[in-house]
Amino acid sequence: MASTDIVLPLIDLAPYLSPDATPESKATVVAQVRAAVGEFGFFQAINHGIPLASQHALIEAIRTLMKIPKEEKLAMSFLKNPSRRGYEGSGDTFRTGDKMHDAKEAFYIGRPSEKVEPPGFHGPNVWPSPDLVPESEFRDPVWSYYQQTNALGRDIWQLLIQGLGHPGDLLSQFTKKPVVMMKMIRYPPFSSTLPGQFGVGAHTDFGGVTVLLQEAGRDGLEVEYKGEWIPVPALENVMVINAGDMIASWSGGVYKSAKHRVINKAEDTERISCATFWHGDLDATNPFVDGKGEGKAGDETVADLLVKRFRSQFSLMRGKKTEEVARGEVFAH
Ligand SMILES: O=C(O)CCC(=O)C(=O)O
Ligand SMILES: [Fe+2]
């Protein structure tokens with residue numbers, strides 16, 4: 001059951017981001033973020049720097065893409081793409097332990113690189129052909145939002161780093177070429193989901209900072225807090241921020257990675273959202289160790305953590321054999 005009395009903290013980022021921010025006003029935001037992510041793993045943010053027009057254009061772009069014929073979407077399937085970009089159909093991913101596959105469909109882009117780089121987190125993006133969807137209706141608004149959400153993810157990382165008592169520019173140590181994947185999601189109306197099916201089943205995010213845009217008025221996200229599910233209202237111009245497992249582990253548990261899930265309860269209305277997962281360099285290891293922070297030393301890199309997580313939780317695709325999964329050929333966010 002969802003609890004209605006507890007709400008996620010709402011943090012105003014202006015005293016940190018605005019040009020006239022002072023060291024004192026910045027320190028206040030650092031403390032607010034540390035308290036929120038330490039307690040809930042999540043917070044809501046206003047004055048985050050992503051223009052409202054860009055958010056609206058992104059939502060429209062996702063809606064437009066999802067309306068193209070199914071065969072055209074499947075032709076861009078992320079299952080065929082070596083760096084996991086493109087279209088994920090409803091039922092393409094399944095979390096171990098879930099009763100049913102997710103109802104959602106999604107489209108992924110990431111940091112573009114000319115060639116696919118092993119183990120397959122960097123590579124070229126997939127875009128619909130302009131005859132199908134003009135660039136002005138998908139590629140352009142999506143790319144510009146991607147850049148803005150990248151900047152916000154960087155700011156949040158810096159806030160979290162400072163919350164651990166380090167200078168924000170420690171970030172540059174592990175973000176020369178960070179993995180930043182963006183997942184644009186459509187949840188079908190409740191009337192077209194199966195009984196007991198979730199839009200996205202309960203999970204934690206596995207990596208770094210997640211920046212989430214929900215289409216205003218289309219509620220559905222719930223966050224676990226002390227054994228209860230707290231609904232997170234989908235508010236206009238409010239971003240939802242959360243920390244993934246890697247941050248929880250790197251911070252030695254100072255920050256939480258909270259379980260969350262999505263149920264689109266609207267009978268006849270779809271729900272659009274967009275999550276940006278801002279991880280770090282593939283070869284980076286915990287930057288907070290060696291007497292510099294609370295985390296534990298370990299040889300695991302960002303790439304190790306990502307591969308492990310994809311295999312254990314998100315990677316059992318319908319029709320894919322376990323051996324293929326074990327070889328790490330099937331990755332998804
Ligand atoms: O769509 C949402 O509100 C949340 C999506 C999510 O949790 C995810 O994709 O990891
Ligand atoms: Fe998530």
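We count ligands from 1, going down the list as the structure has it; atoms in each ligand are counted the same way. Both backbone and side-chain heavy atoms feed into the values below; hydrogens, waters and symmetry mates do not.
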Original post:
Do NZ/NE/NH1/NH2 and the carboxylate oxygens of Glu270 and Lys67 come within less than 4.0 Å?
Top reply: no
Original post:
Of the backbone atoms (N, CA, C, O) and the side-chain heavy atoms from C-beta on, which set of Thr210 has a member under 4.0 Å from an atom of ligand 1: side chain, backbone, both, or neither?
Top reply: neither
Original post:
Does Lys104 have a non-hydrogen atom less than 4.0 Å from ligand 1?
Top reply: no
**OP:** Report, in ascending order of atom number, the atoms of ligand 1 lying under 4.0 Å from any heavy atom of Ile185.
**Re:** 1 (O), 5 (C), 9 (O)
Subject >> Charged N-O contact under 4.0 Å between Glu215 and Arg63 >> reply: yes
Original post:
Atoms of ligand 1 less than 4.0 Å from Ser273 heavy atoms?
Top reply: 1 (O), 2 (C)
Subject >> Sub-4.0 Å atoms of ligand 1 with respect to non-hydrogen atoms of Val262 >> reply: 1 (O), 2 (C), 3 (O), 4 (C)
Original post:
Short list, please: which atoms of ligand 1 are under 4.0 Å from a heavy atom of Tyr187?
Top reply: 1 (O), 2 (C), 4 (C), 5 (C)
Original post:
Side chain or backbone of Leu212 under 4.0 Å from ligand 1, or both, or neither, by non-hydrogen atoms?
Top reply: side chain
Original post:
When you look at Asp283 and Thr301, which way does the side chain to side chain donor-acceptor pair (under 3.5 Å) test go after all the steps?
Top reply: CA-CA 5 Å; Asp283 61 357; Thr301 62; over 6 Å; no
**OP:** Kindly confirm or rule out a cation-pi arrangement of Arg85 over Tyr108, judged by NZ or CZ under 6.0 Å from the six-membered ring centre and within 45° of its axis?
**Re:** no
**OP:** Evaluate the ring planes of Trp143 and Trp127, with Trp represented by its six-membered ring, and classify them as parallel (under 30°), tilted (30 to 60°) or perpendicular (over 60°).
**Re:** perpendicular
Original post:
Do any heavy atoms of His203 fall under 4.0 Å from ligand 1?
Top reply: yes
Original post:
At distances under 2.8 Å, what protein N, O or S atoms surround the Fe ion (ligand 2)?
Top reply: His203 NE2, Asp205 OD1, His260 NE2
Subject >> side chain to side chain donor-acceptor pair (under 3.5 Å) between Arg34 and Gln162, worked out >> reply: CA-CA 9 Å; Arg34 174 169 166 139; Gln162 292 171 81; over 6 Å; no
**OP:** Using a strict cut-off of 4.0 Å, indicate which atoms of ligand 1 neighbour a heavy atom of His260.
**Re:** 7 (O)
Subject >> Carboxylate-amine/guanidinium proximity below 4.0 Å for Lys265 and Glu222 >> reply: yes
Subject >> With sequence neighbours excluded, residues passing side chain to side chain donor-acceptor pair (under 3.5 Å) with Ser77 >> reply: none
Original post:
Picking from Ile156, Val33, Leu212, what satisfies side chain to side chain contact (heavy atoms under 4.5 Å, CB included) with Ile241?
Top reply: Ile156
Subject >> Proximity of Phe277 to ligand 1 by residue part, where a heavy atom lies under 4.0 Å >> reply: side chain
Original post:
With sequence neighbours left out, what residues match Ser172 under side-chain contact (heavy atoms from CB on, under 4.5 Å)?
Top reply: none
Original post:
Among all residues two or more places apart in sequence or in another chain, which pass the side chain to side chain donor-acceptor pair (under 3.5 Å) test with Ser18?
Top reply: Asp20
